[in-house]
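Report on the following structure.
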Amino acid sequence: MVIIVNGAIGTGKTAVAWELLNLFERAVMLDGDYFAALQPFSIFTPSDLAYVYEGLAHHIKFHCDHGFEHFIINYVFETGAELEKLEGFLPEIVGPVYKCLLHCQQNERDRRIRKRNNEDIEWEITRSAQLTEILQNSNRDGSLGPQVDTTTLSVQEVAQRVFSLTNNKNQKA
């Protein structure tokens, strides 16, 4: 099984992915940002995105070969077509792919981004607003998965909501 945690900057993707990892006995969390930490890299270059998706798929295959069955991927997939591209690279043995789109009110997203204290705070805030609009428009057909509003929930509550979308019985006791 693969759980894809999608959302704009500041919605809680990484924290929720780590929390989801703790809900399984054996699972792997793959952060798409680390796979995309290439120089040069552009989200606007299809071959760069394909390189990231193929890298994720190779790692998943490697972990499958070593007995892992559950995978959490956190990354910003702007369209359903981008998610389909990733799914096209995934080995069939991973089973079902569950998608969710994290959403958060702007003031809370901005607060979370400022809390990070990165050098590019203003860029991240602007990009987060852009991504929110892109993701909302892209998900009109539900191709990015059900939305989970993280604005007032704890990381644990969000992870439980995302996990419940899978109806999985393999949760830690």
Side-chain angles (χ1 to χ4, degrees), residues 1-18 20-21 28-64 71-92 94 96-151 155 158 162 165:
M1 159 182 32
V2 176
I3 301 173
I4 296 176
V5 181
N6 193 7
I9 301 166
T11 58
K13 293 181 305 295
T14 302
V16 169
W18 280 113
L20 280 166
L21 185 65
V28 176
M29 191 274 280
L30 299 169
D31 188 323
D33 285 342
Y34 290 103
F35 284 85
L38 307 166
Q39 185 62 13
F41 175 80
S42 172
I43 61 169
F44 303 110
T45 304
S47 61
D48 286 359
L49 290 173
Y51 188 86
V52 169
Y53 302 159
E54 193 170 355
L56 285 163
H58 280 296
H59 274 59
I60 287 173
K61 168 95 170 65
F62 174 83
H63 291 300
C64 283
F71 304 91
I72 299 112
I73 298 173
N74 63 303
Y75 192 58
V76 179
F77 295 92
E78 292 186 11
T79 66
E82 291 303 318
L83 275 170
E84 286 179 18
K85 287 177 189 175
L86 169 66
E87 290 182 62
F89 285 112
L90 295 177
E92 290 183 21
V94 298
V97 176
Y98 298 95
K99 307 168 219 175
C100 71
L101 178 60
L102 302 186
H103 174 74
C104 185
Q105 292 178 3
Q106 180 179 348
N107 61 339
E108 178 61 15
R109 279 194 334 265
D110 293 354
R111 186 192 69 76
R112 292 174 185 177
I113 292 168
R114 289 186 191 289
K115 186 176 173 184
R116 294 179 187 175
N117 206 22
N118 291 343
E119 290 180 22
D120 294 330
I121 289 173
E122 293 309 317
W123 179 89
E124 287 186 7
I125 287 172
T126 300
R127 183 65 178 144
S128 181
Q130 292 168 343
L131 284 170
T132 297
E133 185 174 339
I134 291 167
L135 294 167
Q136 293 302 311
N137 289 332
S138 292
N139 202 38
R140 290 187 198 281
D141 63 357
S143 61
L144 299 180
Q147 286 196 48
V148 178
D149 189 340
T150 68
T151 305
V155 172
V158 175
V162 171
L165 299 172

Is there side-chain contact between Phe89 and Leu56, with at least one heavy-atom pair below 4.5 Å? no

Ile60 versus Val28: any side-chain heavy-atom pair under 4.5 Å? no

Ser143 and Ser138 have their tightest heavy-atom pair at OG-O, 3.5 Å

So CD1 of Ile113 and CG of Asp120: to nearest 0.5 Å the spacing works out to 11.5 Å

State whether the number of non-hydrogen atoms from other residues, nucleotides or ligands found under 6.0 Å of Tyr51 atom OH is greater than 12. no

d(Leu20 CG, Ile3 CD1) to nearest 0.5 Å is 5.0 Å

Which residue pairs satisfy the salt bridge (Lys or Arg N to Asp or Glu O under 4.0 Å) criterion with at least one member in residues 44-64, sequence neighbours excluded? Lys61-Asp65

Do Leu49 and Lys85 make a side-chain contact, defined as non-hydrogen atoms from C-beta onward lying under 4.5 Å apart? no

Can you tell me how the ring of Phe71 sits relative to the ring of His63, calling it parallel under 30°, perpendicular over 60° and tilted otherwise? tilted

Test your reading of the model: is there a side-chain donor-acceptor pair from Thr126 to the backbone of Glu122, 3.5 Å cut-off? yes

Taking only residues two or more places apart in sequence or in another chain, which ones pass salt bridge (Lys or Arg N to Asp or Glu O under 4.0 Å) with Glu87? Lys99

Indicate yes or no: does Glu78 engage Arg127 in a salt bridge with an N to O separation below 4.0 Å. yes

Can you tell me how far the CD atom of Gln105 sits from the OG1 atom of Thr151, to the nearest 0.5 Å? 4.0 Å

From Leu144 CG over to Ile134 CD1, what is the distance, rounded to the nearest 0.5 angstrom? 11.0 Å

Heavy-atom closest pair (Ser128 atom, Ala8 atom, distance to 0.1 Å) is O-CB, 3.7 Å

With rounding to the nearest 0.5 angstrom, report the NZ to CD distance, Lys115 to Glu108. 8.5 Å

Listed by chain and number, what are the ring-ring contact (aromatic ring centres under 6.0 Å, His included) partners of Tyr98, not counting sequence neighbours? none

I'd like to know whether Ile125 forms a side chain to side chain contact (heavy atoms under 4.5 Å, CB included) with Gln106, so could you lay out the CA-CA distance, the side-chain angles of the two residues, the decisive distance to 0.1 Å, and finally the verdict. CA-CA 9 Å; Ile125 287 172; Gln106 180 179 348; 5.5 Å; no

NE2/His59 to OH/Tyr34 distance, rounded to the nearest 0.5 angstrom? 13.5 Å

Using a 4.5 Å cut-off on heavy atoms from C-beta on, say whether the side chain of Val76 contacts that of Asn6. yes

Flag the pair Ile9 / Arg116 as yes when at least one side-chain heavy-atom distance between them is below 4.5 Å, and no otherwise. yes

Can you tell if the side chain of Thr132 reaches within under 4.5 Å of the side chain of Arg109, non-hydrogen atoms only? yes

Is there side-chain contact between Leu101 and Thr11, with at least one heavy-atom pair below 4.5 Å? no

Nearest non-hydrogen partners of Gly145 and Asn139, listed with the distance: O-ND2, 3.0 Å

If every non-hydrogen atom of Met29 is compared with every non-hydrogen atom of Asp31, which pair is closest and at what distance? SD-N, 3.8 Å

Could you walk me through whether Arg112 and Thr150 pass the side chain to side chain contact (heavy atoms under 4.5 Å, CB included) test, one step at a time? CA-CA 11 Å; Arg112 292 174 185 177; Thr150 68; 3.1 Å; yes

Closest heavy-atom pair, Ile43 versus Phe41, reported as atoms and distance to 0.1 Å, is CG2-CE2, 3.7 Å

Would you say Glu133 has more than 12 foreign heavy atoms packed within less than 6.0 Å of its CD? no

Write down the atom of Cys100, the atom of Leu165, and the distance for their closest heavy-atom approach. CB-CD1, 3.9 Å

Taking C-beta and beyond as the side chain, do Asn74 and Val16 meet within less than 4.5 Å on heavy atoms? no

